[in-house]
Amino acid sequence: MKKRILTGLQPTGVITLGNYIGAIKQMIEMQENYESYIFIADMHAITVNQDPIVLRENIKSLVALYLACGIDPKKNTIYIQSDNPYIGGISWMLECNSYYGELSRMTQFKDKAKKNANFTSGLLTYPVLMAADILSMDADYVPVGVDQKQHVELARDIAIRFNNKYGEMFKIPEPILKKVGTKIMDLQTPDKKMSKSSENQKGVIRLLDDIDVIRKKIMSATTDSEMVVRFDPENKPGISNLINIYSSLTNKSIEEIEMEFKDSNYGNFKSRVADIVVDVISNIQNKYNEILNSDYLDEILDSGMNKNIEISKEFYQKMKKVIGLGRN
Ligand code: AMP
Ligand code: TRP
């Protein structure tokens, strides 16, 4: 039997070329080897302020974009967190078995609370909702970046504690640290990672950017004065970043690329990188538009919702019973 993995995605902002190369390609590999569940963590998104109209739009858009990138709905169960009426109740039952002390010590909470002193109580209990996502889907593994590893470890602690108090209920999940693949850097400030939340739009390529804008962003990427297409991240971060992008999208090695462009100037090189990026992204955008405007998307989300509810409802009922809630 295949092991079960669970991935949660927050529907905030349009994903970048960095996300595509760094994370989605890895998910596409993993869908072959695991029973995979992917969900949109919209209830996590509202732990900080969100514009309701933008949030609602981002949810289906993000699903369509992942499908367009190659996430296969036959190999993944895909659902929206808030479509499940049990998850809030499960989270509450876990909250009453978690401690203020451990939650207030979480690194992400401390960072976010420092930035905005007016934080919600949801920001504090965020990791418990995450534990509810994981435990109520009986996940074996949770692929995460380093920033989320501590939350998966807390989910383990909560599961062990619950099992000890009320009898065997939850599987103890394990975090899988995502491979640190090629890090794509900001096109304008190539010593910084290309990030969804970056202020300077010119340095970041988003998968739903206008194609002409994408080309312009690449053509105006920061380079250096050496005028040689050579991989040297320390001294030539801009050119090395473009080589990495080209290499990731064509599967050519760095040596091959250096050879290919040994007689080219930066303008020619950038223009080839732009061709490839535009080619990949316009393909994704075409599929995205097709999916977003079809009934297919709702069919996938309905079937994911039903499976998610079926599994977690059973946990909800068993948890209520052992805790002593409700009627006999
Ligand atoms: P974020 O959008 O920052 O929450 O990142 C989601 C995932 O995308 C992370 O786990 C990273 O693996 C990946 N990722 C984000 N930005 C980049 C980047 N610039 N280069 C490579 N991978 C990235
Ligand atoms: N907190 C995660 C993030 O911001 C998203 C998430 C919510 C999640 N619930 C999850 C990830 C459960 C893995 C498992 O990236």
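Treat the numbers as computed from the prediction; the structure is a model and nothing was measured. Order of listing sets the numbers, starting from 1, for every ligand and every atom in it.
Ionic pairing of Asp275 and Arg215 is present here: one or more N-O contacts between side-chain nitrogen and carboxylate oxygen are shorter than 4.0 angstrom. Under the 4.0 Å criterion applied to side-chain N and carboxylate O atoms, Glu29 and Lys25 are not assigned as salt-bridge partners.
With values rounded to the nearest 0.5 angstrom, Leu249 atom CG is found 6.0 Å from Leu17 atom CG. For the atom pair CG (Asp138) and CG (Asp140), the distance works out to 7.5 Å, reported to the nearest 0.5 Å.
In summary, the side chains of Asn244 and Thr182 do not present any donor paired with an acceptor at a separation below 3.5 Å, with no hydrogens or angles considered. With no hydrogens or angles considered, a side-chain donor-acceptor pair links Gln81 and Asp133 at under 3.5 Å.
Contacts of Asp279 classified as salt bridge (Lys or Arg N to Asp or Glu O under 4.0 Å), with partners at least two apart in sequence or in another chain: none.
Residues with a heavy atom under 4.0 Å from ligand 2: Gly8, Gln10, Phe39, Ala41, His44, Tyr126, Met130, Asp133, Ile134, Val142, Gln148. Residue-level contacts of ligand 1 at the 4.0 Å heavy-atom threshold are Gly18, Asn19, Gly22, Ala23, Lys178, Thr182, Lys183, Ile184, Lys193, Met194, Lys196.
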For residues 311-318, dump all side-chain donor-acceptor pairs below 3.5 Å to protein atoms at least two apart in sequence or in another chain.
unit_1 : atom_1 : unit_2 : atom_2 : d
Ser312 : OG     : Asn84  : ND2    : 2.8
Ser312 : OG     : Asn308 : O      : 3.0

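The six-membered or imidazole ring of Tyr126 lies away from that of Phe119, with a centre-to-centre distance of 6.0 Å or more.
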